[in-house]
Amino acid sequence: MIDPKLLRQSTADVAANLARRRGFHFDADAYLSLEERRKALQVETEQLQSERNSSAKSIGKAKAAGEDIAPLLAAVNDLGDRLAASETALQDVQSQIRDIELDLPNLLDDSVPDGQDESDNAEVRLWGEPTQLDFEPSDHIKLGEELGMLDFEAASKISGSRFTVMSGPLARMQRALIQLMLDTHTEEHGYTEQYVPYLVQADALFGTGNLPKFEEDLFRTTNETPYYLIPTAEVPVTNLARDAIFEADELPKHFVAHTPCFRSEAGSYGQDTRGMIRQHQFEKVELVHFVAADESMAALETLTGHAEVILQKLELPYRVIALCAGDIGFGSTKTYDIEVWLPGQQKYREISSCSNYNDFQARRMKARRRNPETGKPELIHTLNGSGVAAGRALIAVMENYQNADGSIRVPKALQPYMGGLKVISA
RNA sequence: GGAGAGAUGGCUGAGUGGUCGAAAGCGCUCCCCUGCUAAGGGAGUAAGGGCUAAUACCCCUUCGAGGGUUCGAAUCCCUCUCUCUCCGCCA
């Protein structure tokens with residue numbers, strides 16, 4: 001959520017910033033007229049509440065003094081009705097304003113490049129060279145099926161499309177990837193590992209910004225108060241800061257969590273229908289930072305670097321891109337995507353997305369720190385990034401480490417996690 | 001699943017219709033005293049919001065959540081959630 005005060009006082013500036021985003025329209029005039037009504041109604045309501053309080057107090061005193069309170073009661077006769085009417089009207093306007101505020105994406109950082117879509121994203125750096133193979137590379141689907149270790153038919157029988165069954169060494173390699181990531185981030189980068197719920201309630205999703213706008217992306221249970229399957233560990237982990245006031249010396253906090261992620265993929269029907277790229281269920285290791293407001297831009301660089309280390313250890317070629325205004329996510333003020341080279345597609349594909357949400361989520365969640373100078377609570381900044389998506393990392397290893405005979409070499413960094421196994425073959 | 005108890009400020013905990021945003025203690029901050037230390041004295045110490053140039057006044061809201069009764073609710077009524085204890089079941 002954008003600072004309501006800023007929205008109110010600098011509406012035009014906010015609108016101009018948001019206009020850089022693709023397909024987003026902010027009706028500033030409608031907002032401003034609602035805001036005008038809100039102000040009038042709130043002042044009126046609070047005035048009436050104040051009257052009620054002071055008259056109730058005098059009635060109490062009069063009664064205690066044994067005076068006749070009948071005339072006092074008569075004087076406040078219609079106050080209750082007037083107050084109730086005013087309160088109702090105020091609540092109505094406030095909820096309309098809140099709906100607008102919850103619907104507004106985050107303000108973009110000035111460093112975010114202009115652009116309409118992914119073709120306008122800016123390459124920040126390149127690591128390694130696209131893998132050269134002296135044979136026609138296969139994609140992960142062919143490799144996995146020929147090894148007999150990826151079974152999309154079985155998955156479809158059990159759960160329908162966009163699921164995968166893995167078996168044997170390939171299943172183990174995904175687990176090895178997750179282990180490598182967790183160990184690297186906890187032992188070398190100083191993160192604290194978290195185990196968190198995979199089912200969350202709506203409030204948590206409002207906090208991160210997934211609700212109310214993106215409900216169709218989520219799986220929801222049928223309970224009376226429904227649970228939602230987490231679309232990313234970002235949701236439960238970031239919500240650790242909800243309603244909290246951290247002491248200054250408790251920050252920054254660096255959390256890492258491995259969880260499965262569940263996404264409905266509504267609206268992506270044509271894309272990546274084959275294979276393991278886009279699934280309803282996938283494994284991911286997520287990095288989350290809670291930092292003081294002035295530290296978040298530096299933290300974004302650090303966090304992205306931590307994710308990159310995983311690809312470097314796996315010796316997978318990648319590039320880092322800065323998402324342009326048109327491509328950046330709803331709650332992010334600045335995002336770097338890390339894209340790994342996939343020989344089977346002859347393309348770089350997203351394997352991590354690292355975002356600075358600045359105070360956008362913190363405001364929704366009431367995540368604060370105590371400013372040691374002023375002693376006052378102030379919003380923290382939250383960041384998160386994949387470090388990295390395990391399913392896609394598995395694809396990347398398969399395709400980059402394939403041999404002409406369809407076997408797959410195990411990257412050195414993974415071998416200790418796979419009992420020393422060096423090659424996966426049928 | 002059955003039976004019972006509870007939810008108040010950073011913590012402990014009092015408060016069953018008015019002067020209660022809330023006693024007291026602990027903790028914390030500042031000041032005083034004490035030649036160190038220990039002890040002692042005093043003051044202060046919730047969050048969110050409105051108004052505003054303002055982090056100044058003033059005002060509003062909040063005692064698990066939501067509704068209700070009342071001129072007035074932490075206190076009374078209803079619904080829900082969560083926590084704890086005992087029993088049962090269970091990875």
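Keep in mind it's a predicted model, so treat the numbers as computed, not measured. Chain A is the first sequence line, chain B the second, and so forth, proteins listed ahead of strands; every chain is numbered from 1.
- Taking every side-chain heavy atom of A:Gln49 into account, B:rU61 is the closest of B:rU52, B:rG50, B:rU61.
- Side-chain atoms of A:Asp183 and A:Tyr417 include a donor-acceptor pair closer than 3.5 Å.
- Comparing B:rU52, B:rG50, B:rA47 against the side chain of A:Glu46 picks out B:rG50 as the nearest.
- With rounding to whole Å, A:Glu44 atom CD is found 19 Å from B:rC59 atom P.
- Residue A:Ala56 places its side chain closer to B:rC71 than to any other of B:rC71, B:rG49, B:rA47.
- Note that NZ of A:Lys253 and CD1 of A:Ile380 are 10.0 Å apart. Values are rounded to the nearest 0.5 Å.
- Of the candidate nucleotides B:rC51, B:rA54, B:rG49, B:rC51 has the atom nearest to the side chain of A:Lys39.
- Nucleic acid contact for A:Ser50: sugar-phosphate only, since backbone atoms but no base atoms lie under 4.0 Å from a heavy atom of the residue.
- Atom name P, nucleotides B:rC33 and B:rA73: the rounded distance is 48 Å, in whole Å.
- Note on A:Arg369 versus A:Glu247: no salt bridge recorded, every NZ/NE/NH1/NH2 to OD/OE distance being 4.0 Å or above.
- When the C1' atom is compared between B:rU75 and B:rA14, the two are found 13 Å apart, to the nearest whole Å.
- A:Ile97 has its CD1 atom 11 Å from the P atom of B:rG50, to the nearest Å.
- A:Arg363 comes within 4.0 angstrom of no nucleic acid atom, judged by non-hydrogen atoms across all strands.
- When heavy atoms are screened at a 4.0 angstrom cut-off, A:Lys366 is found touching no nucleic acid atom at all.
- Straight-line distance between the C1' atoms of B:rG64 and B:rU8: roughly 10 Å, to the nearest whole Å.
- Comparing the same atom, C1', in B:rA22 and in B:rG17 gives a spacing of 15 Å after rounding to whole Å.
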